[in-house]
Q: 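Here you go, one structure.
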Number of protein chains: 2
Amino acid sequence: MIEYSSQPHYLVAVDCIVFGFDGEHLKILLVKRGLEPEINKWSLMGGFVGAEESPDDAANRVLKKMTGLEGVYLEQMQVYGEPKRDPIERTLSVGYFALIDIHKYEEQLSDDYEAEWFLINDRPKLIFDHNQMVADARKKLRYKAALHPILFEMLPKKFTIPQLHILFEEVNDTKIDTRNFSRKITSTKLLIKLDEKDKLGSKKGAFYYKLDKKEYKANAQAFLNLIPNIKTQG
Amino acid sequence: MIEYSSQPHYLVAVDCIVFGFDGEHLKILLVKRGLEPEINKWSLMGGFVGAEESPDDAANRVLKKMTGLEGVYLEQMQVYGEPKRDPIERTLSVGYFALIDIHKYEEQLSDDYEAEWFLINDRPKLIFDHNQMVADARKKLRYKAALHPILFEMLPKKFTIPQLHILFEEVNDTKIDTRNFSRKITSTKLLIKLDEKDKLGSKKGAFYYKLDKKEYKANAQAFLNLIPNIKTQG
DNA sequence: TTATTAAATGTCTATTTGACAATTAATAAT
DNA sequence: ATTATTAATTGTCAAATAGACATTTAATAA
């Protein structure tokens with residue numbers, strides 16, 4: 001039997017930065033840590049990678065366990081592996097960022113884990129290097145959202161342009177002209193206008209839209225710039 | 001003493017996809033694997049993450065050991081963690097892609113490791129999931145290079161526009177109009193024209209350029225699109 | 001009927017893009 | 001010395017896009 005001799009072995013965990021949008025502000029979902037050290041402190045939702053699963057599997061499992069949700073948008077971010085990042089024992093953590101529809105979560109509400117939404121700009125201090133993870137995830141979200149139509153993942157199936165607009169402003173922490181935004185977003189052909197209106201936000205009401213799934217899948221890699229025609233590439 | 005009870009522990013490795021450019025084609029640097037299993041098969045250069053180092057440290061160490069080069073452009077790509085990806089023992093690997101000036105490497109040439117450059121499109125089959133890693137790295141390189149001025153890392157300090165042009169074409173596997181390319185690349189203000197000419201490629205010779213380090217650092221995050229003024233953001 | 005509020009839409013200019021061809025600077029050949 | 005050759009460099013134009021800016025519209029409330 002071949003062996004890799006005496007190389008050191010480490011724990012491997014996943015941590016999920018879960019983003020949501022309440023219609024006004026960008027939020028993240030935090031939990032009270034359930035084990036020592038730092039028990040009962042706020043942290044990202046995470047867990048160890050089991051023997052029979054990949055890190056991706058583990059992240060999905062953790063997310064399912066703590067939010068009750070399946071099939072959410074989940075993307076590997078990066079590995080955090082400083083030797084001393086966990087004071088107890090060397091643990092590498094694979095960071096994932098997830099985008100979920102905050103209302104779906106509220107329906108499921110598997111509240112065994114004391115999960116709670118926090119405003120991204122007004123969140124408690126987190127354990128270990130989780131603060132850094134959140135900062136990195138936010139940056140990555142912004143970057144990615146500038147090029148790919150992923151923010152829809154945080155909205156209900158039916159949504160309005162004004163909702164989308166606010167979400168874009170939140171994520172990018174900037175004001176965007178409504179007229180130009182509207183023009184751009186509709187020019188992507190990703191949206192299908194519905195007959196129905198959302199009357200909650202105003203007297204006039206705003207038309208609902210839904211994603212054109214077909215176009216969405218075809219253009220999930222869209223919106224590039226420097227290289228001609230790269231828009232049609234991978 | 002607190003412990004994380006009986007969670008499983010794994011080996012953690014790094015693997016580096018090293019890209020280079022010989023003036024005509026994109027290449028990757030491969031080595032003959034030095035340990036069982038699959039000894040003497042071609043593979044990416046990699047190694048285990050030691051007890052006192054981060055994955056980033058490990059990747060730099062491996063790169064130094066096998067190429068003699070320090071301070072090269074190195075970026076974490078993603079984690080490969082399928083339970084069965086290594087047949088001997090569960091090993092997670094953090095993939096890195098590196099961009100190096102192929103000529104610098106040839107100077108150093110620590111040839112103890114039977115490293116060899118291969119055309120990206122004409123490379124041997126690699127061990128384990130290394131083929132997938134190369135495919136992923138290539139995609140990521142293309143993606144990143146469309147938005148960030150990183151390809152300079154594969155050229156000498158002094159380079160010409162035609163060299164840069166060929167490199168962009170290679171990486172993107174497409175033809176780019178010389179006039180439009182020239183216009184775009186110079187409009188970035190990242191290049192400083194030198195008095196000297198490279199006379200090797202033609203009778204007329206092509207002017208050398210160098211990077212404007214200051215602009216480069218300031219604009220390393222540049223070239224975005226959907227969000228207005230995001231060009232000046234992070 | 002009018003006031004109010006937010007949604008939806010329109011216009012103009014400047015810039016950028018993409019398609020396309022002519023000129024220039026050097027060396028090699030006659 | 002003149003001409004041929006080769007690749008580098010530069011230029012033009014029309015179409016598309018971006019960014020700045022204001023008005024109209026559809027509903028409810030007064």
Q: Closest nucleotide of DNA chain C for B:Asn180 versus for A:Ser182: which of these residues is on the 5' side?
A: A:Ser182
Q: Would you call the rings of A:Trp42 and A:Phe118 parallel, tilted or perpendicular, where under 30° means parallel and over 60° means perpendicular?
A: perpendicular
Q: Taking side chain to side chain contact (heavy atoms under 4.5 Å, CB included) as the definition, give me every residue that meets it alongside B:Ala58, ordered by chain and number, with sequence neighbours left out.
A: B:Val14, B:Val49, B:Glu53, B:Arg61
Q: My understanding is that only residues two or more places apart in sequence, or in another chain, count here; which of them pass salt bridge (Lys or Arg N to Asp or Glu O under 4.0 Å) with A:Asp136?
A: none
Q: Heavy-atom contacts under 4.0 Å between residues 196-206 of chain A and DNA chain D, which residues?
A: A:Lys197, A:Lys199, A:Lys203, A:Lys204
Q: Find out whether B:Tyr209 and B:Leu155 are in side-chain contact, i.e. whether some heavy atom of one side chain is under 4.5 Å from a heavy atom of the other.
A: no
Q: Could you tell me how the ring of B:Phe152 sits relative to the ring of B:Phe159: parallel (under 30°), tilted (30 to 60°) or perpendicular (over 60°)?
A: tilted
Q: Is it the case that D:dG11 (base atoms only) and B:Arg183 (side chain only) share a donor and an acceptor within less than 3.5 Å, ignoring hydrogens and angles?
A: no
Q: Over how many whole Å does the gap from A:Glu24 atom CD to C:dA6 atom C1' extend?
A: 15 Å
Q: So A:Ile166 and A:Glu24, do their side chains get closer than 4.5 Å, heavy atoms only?
A: no
Q: Find the distance A:Tyr208:OH to D:dA26:P and express it as a whole number of Å.
A: 20 Å
Q: For B:Lys193 and D:dT10, is the shortest distance between a side-chain N/O and OP1 or OP2 below 4.0 Å?
A: yes
Q: Nearest whole angstrom, please: distance from the P of C:dA6 to the CZ of A:Phe207.
A: 18 Å
Q: For the pair made of CG in A:Leu191 and P in C:dA8, what is the distance, rounded to whole Å?
A: 12 Å
Q: Kindly say whether, by distance alone, the side chain of A:Arg179 makes a donor-acceptor pair under 3.5 Å with the base of D:dA22?
A: yes
Q: Return the value, rounded to whole Å, for the distance between atom CZ of A:Phe159 and atom C1' of C:dA7.
A: 16 Å
Q: Nearest-Å distance, CD1 (B:Ile185) to P (C:dG18)?
A: 14 Å
Q: Please name the nucleotide paired to D:dA30 by Watson-Crick or G-U wobble geometry with both distances under 3.5 Å, or report none.
A: C:dT1
Q: In whole Å, I'd like the distance from the CZ atom of A:Phe181 to the C1' atom of C:dA7.
A: 14 Å
Q: Would you kindly give the NZ-to-C1' distance between B:Lys184 and C:dT15, to the nearest whole Å?
A: 13 Å
Q: Show the numbers, then the answer: is there a ring pair (Phe, Tyr, Trp, His ring centres under 6.0 Å) between A:His148 and A:Tyr73?
A: CA-CA 13 Å; A:His148 305 288; A:Tyr73 182 91; 9.9 Å; no
